[in-house]
**Student:** 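Please read through the structure below; I'll follow up with questions.
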Amino acid sequence: MAEHEVPSLIRLVEIAVSDAITRAVPEVAGADPVVRRSEHADFQSNAALGLAKRTRTRPAELATTVAESLNADPGSSVADASISGPGFLNLTLAEPALWRQVIARLASPRLGVGSPEQGRRTVVDYSGPNIAKEMHVGHLRTTIIGDCLVRVLGFLGADVIRQNHLGDWGTQFGMLIQYLDEHPDARWHHDQLGASTSTVSALDDLYRAARAAFDADPAFAERARARVVALQAGDPDTIACWKEIVAESKFAFWEIYRRLGVLLEPEDSDGESFYNSMLPDVVDELAADGIAVESHGALVMFSEEVTGPDGNPVTLMVRKQDGGYGYDTTDLATIRYRIRDLKADRILYVVDSRQSLHFRLVFEAARRAGWLTDGIEATHVSYGTVLGPDGRPFKTRSGGTVKLMELLDAAVDQAKASVSEKTQELTPEDLTQIAEQAGIGAVKYADLSTSRTKDYVFDVDRMVSFNGNTGVYLQYAHTRICSILRKAGNAEIDVDPALPLHPTERALILAADAFADVLAEVGRDLEPHRLCGQLYELAKAFTDFYEACPVLAAPGPVRANRIALCQLSARTLRQGLTLLGIAAPERM
RNA sequence: GCCCCCGUAGCUCAGCCGGAUAGAGCAAGCGACUUCUAAUCGCUAGGCCGCAGGUUCGAAUCCUGCCGGGGGCACCA
């Protein structure tokens, strides 16, 4: 069965106005109808104001002509077009057209949402924790935002390839492996540890101990350096230990991923080590093309676009003086691999905004190398820092990094306190589950609902609030609708498009209908907070409707229509929350 | 020195591909539970949209220059 896209109401209006303009004023045929939501009607067109100078008429006159043309079109879903102010065109939709929109969206398993990203192979690089290190607050945004984009783009038809760029390689592993080798009694495997600690937590501590030994004991430092060489040379015992560290770390990461409900799977991991074998070839290719040149014994690319403090070009370190490769080289290999082997049409790097220069240089190099061509989009999806209540980067009271697991625990605890204080009928098991869903959802929503590029303040009290633009508010709105639908039973309902609309019903339909277009915008502009804003508007519109319009107690046909509105609202909220990566429980 | 991001109500934030009196939430004040979940809703109050120019019929929105905050600029990732 072919799945049809249901064109949004605003789109229908745009077409109607555009046609009316073409009929009434052929000289400006094809002009943008400039249709927006309106406080004064369902929609408004501002086209006449801008077009008037082209037609050498007054805006009001032009608007009148367009309105007459619009009102004369019997097939249009615009019931009324009227002039207001200096030339605004207020547009009101026919009530049956609004009801038919509800019917059309409900008839579709995907609510009539189209697939504007259909077939576009999109690589999303996100999360990227470091092996043997605990995930901390710094991994929160990349993981949550990246996963949301994966969900939205996938829903819109994109062929999404998740890429978890694990920090699984580097000289620090030599030190750690050497230390483990000398301390066989150290406990860090997950099956050796109690529930209160994790492998990465233990490894993090061991790494610190190794670092201290490295600094204090020259003999150990020497053995650690030798171990780095052994690791890079592929010494079997050393590699075995490294693999064990990687496996154990992944075990801990996936505990967090499962808890967060992110889609990443172990097979989505292509860490730094994955690219090791490609690095010499990448370097050779850049050197052969003359993009990478020798400087002070290293091989670098001089940017043609950016200069540094001394006025000289900024450089990308392609190969270090000592012959080793760093982060720059790995990212060059990464972008080449994603284009050449994964055949990406679009590559998204969900990484901290502080790395914007780095990605600018990597993209420049990839363009100059001929990998990144005009048909391919590479975007640094940057985001701001998570701040503490003091407005400074979020740290523990003692100034340490905030562990992700502890942060989630705190949010869930807070949610649990909030829920248990207000509710009477939940079993302890239900309470635990709902607190988990609410707490995790609250954290994710707080991260997604603010504009991506700005820093935001991590405030647990606010994010678990049942009021305001929070995840919990949306979840709660959803449960209220579910409650009505449960009482209504699952009977098939027939919507009667001839019934009149209450203003709150009208507003609710308009709010729900905006969902599809907002999703397409998120897919294009990669700004999840727009989806949050739209869902919040929908939830508020539902609440207004709920206050004004009894559903179950309404007479037959009215009741059926209102149940349909509940269904559309519930399904839209549930779909929206799912795309944000947030649970939509049926009871709270 | 140069580049990037940010500056909107007391606080946290939307709005920024130009459009009518600049919106939410929190906090403050007032009010509403015989009603499908009051975990809610309504009302009131609160803003030279950092500053100054420019473009435009029209600027929070676009351009330029300042001011203020944050970040970044070769062998760390």
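In this text, all values refer to a predicted model and were calculated from it rather than measured experimentally. A, B, ... follow the sequence lines: proteins, then strands. Residue 1 opens every chain. Only this structure's heavy atoms are used, side chains among them; waters, hydrogens and symmetry mates stay out.
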**Student:** Can you give each donor-acceptor pair under 3.5 Å made by side-chain atoms of residues 431-445 of chain A, sequence neighbours left out, with the distance rounded to 0.1 Å?
**Tutor:**
residue: A/T432; atom: OG1; partner: A/P428; partner atom: O; Å: 2.9
residue: A/E436; atom: OE1; partner: A/R259; partner atom: NH2; Å: 3.4
residue: A/E436; atom: OE2; partner: A/R259; partner atom: NE; Å: 2.7
residue: A/K444; atom: NZ; partner: A/L260; partner atom: O; Å: 2.7
residue: A/K444; atom: NZ; partner: A/G581; partner atom: O; Å: 2.7
residue: A/Y445; atom: OH; partner: A/N469; partner atom: OD1; Å: 2.5
residue: A/Y445; atom: OH; partner: A/C532; partner atom: O; Å: 3.1

**Student:** Could you say whether A/T171 or A/A47 is positioned toward the 5' end of RNA chain B, judged by the nucleotide with the nearest heavy atom to each?
**Tutor:**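 Its nearest nucleotide lies further toward 5', so the answer is A/A47.
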**Student:** Can you list every salt bridge (Lys or Arg N to Asp or Glu O under 4.0 Å) pair that touches residues 480-491 of chain A, not counting sequence neighbours?
**Tutor:** none
**Student:** For the side chain of A/N312 and the base of B/rA74, is some donor closer than 3.5 Å to an acceptor across the two?
**Tutor:** no
**Student:** Can you tell me how far C1' of B/rG42 sits from CD of A/E547, to the nearest Å?
**Tutor:**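 The answer, rounded to whole Å, is 9 Å.
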**Student:** Reckon A/K320 has a side-chain N or O less than 4.0 Å from the OP1 or OP2 of B/rC76?
**Tutor:**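 It does, given that an N or O in the side chain of A/K320 lies less than 4.0 Å from OP1 or OP2 of B/rC76.
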**Student:** For A/A298 and A/I484, take the nucleotide of RNA chain B holding the closest heavy atom to each; which residue's nucleotide lies nearer the 5' end?
**Tutor:** A/I484
**Student:** Of all residues at least two apart in sequence or in a different chain, which pass the side-chain hydrogen bond (donor to acceptor under 3.5 Å, both in side chains) check with A/R506?
**Tutor:**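 With neighbours one apart ignored, the set is A/D42.
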**Student:** Could you tell me how far apart A/F466 (CZ) and B/rC41 (P) are, to the nearest whole angstrom?
**Tutor:** 13 Å
**Student:** Aromatic contact between A/F542 and A/F545, with the criterion being ring centroids under 6.0 Å apart: yes or no?
**Tutor:**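 Ring centroids of A/F542 and A/F545 are less than 6.0 Å from each other.
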**Student:** Could you tell me whether A/D544 and A/K540 have a side-chain N and a carboxylate O separated by less than 4.0 Å?
**Tutor:**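 Answer for the salt bridge query: no.
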**Student:** For the aromatic rings, using the six-membered ring if either is Trp, is the centroid distance between A/Y327 and A/H165 under 6.0 Å?
**Tutor:**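 Between A/Y327 and A/H165, the centre distance exceeds or equals 6.0 Å.
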**Student:** Ignoring backbone atoms, test whether A/R354 places a side-chain nitrogen or oxygen under 4.0 Å from the OP1 or OP2 oxygen of B/rG70.
**Tutor:**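 So the side-chain polar atoms of A/R354 never come under 4.0 Å of the phosphate oxygens OP1 or OP2 of B/rG70.
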**Student:** Distance criterion of 3.5 Å, no angle test: do you see the side chain of A/Q44 paired donor-to-acceptor with the base of B/rA20?
**Tutor:**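 Present.
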**Student:** Verify the ring-centre separation between A/F274 and A/Y337: is it less than 6.0 angstrom?
**Tutor:**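 When the ring centroids of A/Y337 and A/F274 are compared, they turn out to be within the sub-6.0 Å range.
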**Student:** Whole-Å distance between B/rU35 C1' and A/L552 CG?
**Tutor:** 11 Å
**Student:** Hey, where does RNA chain B pair up into stems, meaning at least three consecutive Watson-Crick or G-U pairs with distances under 3.5 Å?
**Tutor:** B:1-7 with B:67-73, B:10-13 with B:23-26, B:28-32 with B:40-44, B:50-54 with B:62-66
**Student:** Using whole Å, report how far OH of A/Y473 lies from P of B/rU37.
**Tutor:**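 Rounding to the nearest Å, OH of A/Y473 and P of B/rU37 are 16 Å apart.
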**Student:** Does a side chain donor of either A/S303 or A/E305 reach within less than 3.5 Å of an acceptor in the other side chain?
**Tutor:**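 Not at all, the side chains of A/S303 and A/E305 share no donor-acceptor pair under 3.5 Å.
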**Student:** At less than 3.5 Å, do the side-chain atoms of A/S465 and the base atoms of B/rA39 form a donor-acceptor pair?
**Tutor:** no
**Student:** In chain order, what residues pass the ring-ring contact (aromatic ring centres under 6.0 Å, His included) check against A/H139, with sequence neighbours excluded?
**Tutor:**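 A/H139: ring-ring contact (aromatic ring centres under 6.0 Å, His included) contacts with A/H136.
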**Student:** Which letters describe nucleotides 3-14 of chain B, given B = protein heavy atom under 4.0 Å from base, S = only from sugar-phosphate, - = neither?
**Tutor:** S-SSS----SSS
**Student:** Given the P atoms of B/rC41 and B/rC5, what is the spacing between them in whole Å?
**Tutor:**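 About 37 Å, rounded to a whole number of Å.
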